[in-house]
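Let me begin by presenting the structure, written as structure tokens, before commenting on it.
Chain A is the first sequence line, chain B the second, and so forth, proteins listed ahead of strands; every chain is numbered from 1.
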Amino acid sequence: MMYDIIIIGAGPAGMTAAIYARRAQKSVLVLEAQSYGGQIINTPEIENYPAAANISGFDFASNVYNQAKALGAEFKFENVLELRDTGASKEAVTKRGEYSARAVIIATGSANRKLGLEGEDRLTGRGISYCAACDGAFYRKKTVAVVGGGNTALEDALYLADVAEKVYLIHRRDSFRGDEATVERLKSRENVELVLNSRVTALNADKRLQSVEVKANDGSVRELKVDGLFAAVGRVPENQSFSNLIELDGAGYADSDESCRTKTAGVFVAGDNRRKEVRQLVTATADGAVAATAAIRYLNEG
Amino acid sequence: MAVIKVTEQNFKSEVLESSVPVLADFNANWCGPCRMLAPIVEEVSEERRDVKFVSINIDEEDILAEDYGISSIPCLVLFKGGEEVDRMVGLRPKDDLLDFLG
Ligand SMILES: Cc1cc2nc3c(=O)[nH]c(=O)nc-3n(C[C@H](O)[C@H](O)[C@H](O)COP(=O)(O)OP(=O)(O)OC[C@H]3O[C@@H](n4cnc5c(N)ncnc54)[C@H](O)[C@@H]3O)c2cc1C
């Protein structure tokens, strides 16, 4: 069967695109690698989405999913490995099969950047975490380290300072990219120790993380005993599998015009994987609407 | 088969002394990925009748969570003969769960 539009990724951007496409009577297949919702399901509270003063990420995701389903969007939980363009049709390839559509919207968002250390995957959930809001509560009265220098790292450290006994904030430079006000608040916390000009070079563990080895730019090495290590070193856009059809910038974000069109006719991008300034729910859902509208126009004109 | 709620009181009898393998889902109400995973676990429990599926709320059962060193949820722990044999952390699609159970 040939769909009008295949949407890759059932995050806020992809599901909003599905709503717009269905309201224009286009047949829609949404392919999602994990479960619907995307990153936002990780947060217990959203407080900056218009018309919803306070809603959990789970409820937000479920509402959008139910809305898209009720309008007739079809969902399949399969990871898209590859996208092919044969001109008139595009084929999305998964482990289970191939799906065709006349237009495709890539709304794959972004994933946590890893530290790239040996044992990192095995220790995830055994001391290593990428989400302080999700896992912080497990470190009550314990010692933790946060790695990173942006706002996420600063806010994670501040949050953990309320929960944990001691927090190290490890950053490879001597100044932070994040808000000055947050930096000042952190500096005033007695249980926060800044470990600057340093990077984590090894993880020591038995069954779970025991300590981290930290190497300073001057070559000195320290071992910090920690129960937890929170990586806040940014996110990586999930565009690699589609680089045959879309242009990526140096950081891996997809180039597109204001209508979310890419260099390939009939292929659109929406959400956090797109090159833009603000990566939030409102911009993700806005992209979904814009990309779907552009795809609908493409179908109607073709 | 449904997913049984387990507490510290019946953990020993339902999990450690179970004659069949047990998949324990450590979760919490405030955890979005846990709430996403719950229906997937439920679905898998319908397909894998040879395994017992239990759910453990870490806020109510903090001692069990501590005993098993849970530090990230959702966390699925597989028990055989009263021993932990494997664990899987985070939200995963159904296929991964089926693979995990072997
Ligand atoms: C902890 C946390 C808290 C946040 N809080 C807020 C907040 O309060 N307010 C706010 O506005 N924003 C918040 N954000 C940011 C917001 O979640 C993102 O901007 C938004 O989710 C982006 O939506 P998206 O659809 O572009 O991408 P994502 O949410 O990343 O969704 C992309 C989806 O695509 C799927 N996917 C990826 N690759 C493939 C593939 N190859 N095949 C199939 N599927 C694939 C992924 O599994 C995922 O479900 C928060 C983010 C985090 C992590």
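Counting heavy-atom pairs closer than 4.5 Å to chain A, the top-ranked of the candidates B/Ala28, B/Cys31, B/Gly32 is B/Gly32. Top candidate by heavy-atom pairs under 4.5 Å with chain B, chosen from A/Arg126, A/Glu78, A/Lys207, is A/Arg126. Chain A forms more heavy-atom pairs under 4.5 Å with one residue of B/Ser72, B/Pro33, B/Cys34, B/Ser71 than with any other, namely B/Ser71. Ranked by heavy-atom pairs under 4.5 Å with chain B, the list A/Cys134, A/Gly127, A/Cys131 is led by A/Cys134. Residue with the most contacts toward chain B among A/Ala33, A/Gly125, A/Ser62, A/Pro44: A/Gly125 (heavy-atom pairs, distance under 4.5 Å). Most heavy-atom pairs under 4.5 Å with chain A, from the set B/Glu66, B/Arg87, B/Lys94: that is B/Arg87.
Taking CD1 from A/Ile41 and CE from B/Met36, the interatomic distance works out to 5.0 Å, rounded to the nearest 0.5 Å.
Using a 4.5 Å heavy-atom cutoff, the side chains of A/Asn48 and A/Val282 are not in contact.
Remark: B/Glu83 CD is loosely packed, at most 12 non-hydrogen atoms of other residues, nucleotides or ligands lying under 6.0 Å away.
Using a 4.5 Å cut-off between heavy atoms, B/Asp62 does not touch chain A at all. Looking at A/Tyr36, the atoms closer than 4.5 Å to chain B (heavy atoms on both sides) sit in the backbone and in the side chain alike. Using a 4.5 Å cut-off between heavy atoms, A/Arg96 touches chain B through its side chain atoms alone. Interface remark: A/Thr124 contributes backbone atoms only to the contact with chain B (heavy atom separation under 4.5 Å). Only the side chain of B/Ile58 comes within less than 4.5 Å of a heavy atom of chain A; its backbone N, CA, C and O stay farther away.
For the residue pair A/Thr285 and A/Tyr49, a side-chain donor N or O sits within less than 3.5 Å of a side-chain acceptor on the partner. A donor-acceptor pair shorter than 3.5 Å can be found between the side chains of A/Ser56 and A/Asp59.
Between A/Phe230 and A/Tyr139, the ring planes lie perpendicular to each other; the angle is over 60°, past the 30° to 60° tilted range.
Classification of B/Lys5 and B/Glu60 as a salt-bridged pair holds, one side-chain N sitting under 4.0 Å from a carboxylate O.
For the side-chain contact (heavy atoms from CB on, under 4.5 Å) with B/Phe53, the lone residue among B/Val22, B/Leu23, B/Leu76 that qualifies is B/Leu23.
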